[in-house]
Amino acid sequence: MIPETAKRLFASLPNGLDFVLEAPCSTWLQTQAVRAISPYPIILDELAQSEADVFTAGAMGTADGIGLKISKAGGLTPGRRQRDIARAAGMTVSVQDTVGSSIAFSGILQLGATVPDQLLRCVLNCEDMVTIKTATVDATFVDGGVLPGTTPGLGIEVDEAILGTPVATWD
Ligand SMILES: [Mg+2]
């Protein structure tokens, strides 16, 4: 969406509409322009790729939050650094991934559980996006949400038969 489209969109919406605008523009400059006129919270997705991007979003006030996709961040370790940068900037975090297995969902769940309540927008159950279950996830689904169990690590029991023969091993 370009800034002109955003102006026309905002003018056409009813007062008091409660929603969040995710990734309204494909560039930082356009997002900053829309940010300047938007009465609605903005969260970044594809523009927030790196730790520097998350820092920039916080420092420039480009957004109220980010979509923290673990694979987009480069894994759990850089993902938690993005979480911490977002937290320091007071930005909300949606912990998710583009798509993923039960194992990916367990990472999302564990990282999501480390985000303070007021900054956690949601976690995505990407386990529902695929038909093959690669693991059993120790989690409790309650009231539309999910809580991790007490199983150590990622809280999963991997189905090694489903995974098949490893493509690589390290000793
Ligand atoms: Mg998105």
Side-chain angles (χ1 to χ4, degrees), residues 1-14 17-132 134 137 139 141 144-148 154:
M1 176 165 60
I2 60 173
E4 178 188 320
T5 306
K7 286 179 186 171
R8 297 171 75 179
L9 170 68
F10 297 155
S12 71
L13 294 174
L17 195 61
D18 181 21
F19 76 103
V20 172
L21 206 52
E22 177 174 336
C25 309
S26 60
T27 71
W28 283 89
L29 281 177
Q30 289 180 355
T31 304
Q32 282 295 136
V34 170
R35 174 68 163 175
I37 59 169
S38 176
Y40 306 102
I42 290 176
I43 63 174
L44 300 183
D45 188 350
E46 283 75 14
L47 284 180
Q49 297 278 339
S50 67
E51 291 151 39
D53 292 336
V54 178
F55 176 83
T56 300
M60 293 177 58
T62 311
D64 300 280
I66 61 165
L68 200 176
K69 292 173 176 162
I70 293 173
S71 60
K72 179 181 70 170
L76 277 171
T77 299
R80 77 179 198 182
R81 288 197 293 263
Q82 291 195 10
R83 171 207 62 196
D84 290 340
I85 295 166
R87 179 177 178 170
M91 291 191 293
T92 57
V93 176
S94 306
V95 185
Q96 52 192 189
D97 228 323
T98 307
V99 72
S101 65
S102 305
I103 298 171
F105 171 57
S106 67
I108 290 169
L109 179 57
Q110 297 294 329
L111 185 60
T114 68
V115 178
D117 287 353
Q118 75 274 17
L119 294 179
L120 181 63
R121 178 177 309 284
C122 64
V123 294
L124 174 71
N125 185 357
C126 63
E127 191 179 37
D128 288 344
M129 295 177 166
V130 294
T131 55
I132 295 175
T134 52
V137 181
F141 292 85
V146 59
L147 295 168
L154 288 177

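Just follow the structure's listing: the first ligand is 1, and inside any ligand the first atom is 1.
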Answer yes or no: does atom CD1 of I37 have more than 12 heavy-atom neighbours from other residues, nucleotides or ligands under 6.0 Å? yes

How close do V54 and A48 get, heavy atom to heavy atom, and via which atoms? CG2-CB, 4.4 Å

A quick test of your reading: do over 12 heavy atoms of other residues, nucleotides or ligands sit less than 6.0 Å from CZ of R81? yes

Near the Mg ion (ligand 1) (cut-off under 2.8 Å), count of protein N, O or S atoms: 2

Atom pair CG (L68) and CG (D45), whose distance is rounded to the nearest 0.5 Å: 10.0 Å

More than 12 heavy atoms from other groups under 6.0 Å of CZ on F55: no

Quick one: does T31's side chain have a donor or acceptor within less than 3.5 Å of a partner on T27's backbone? yes

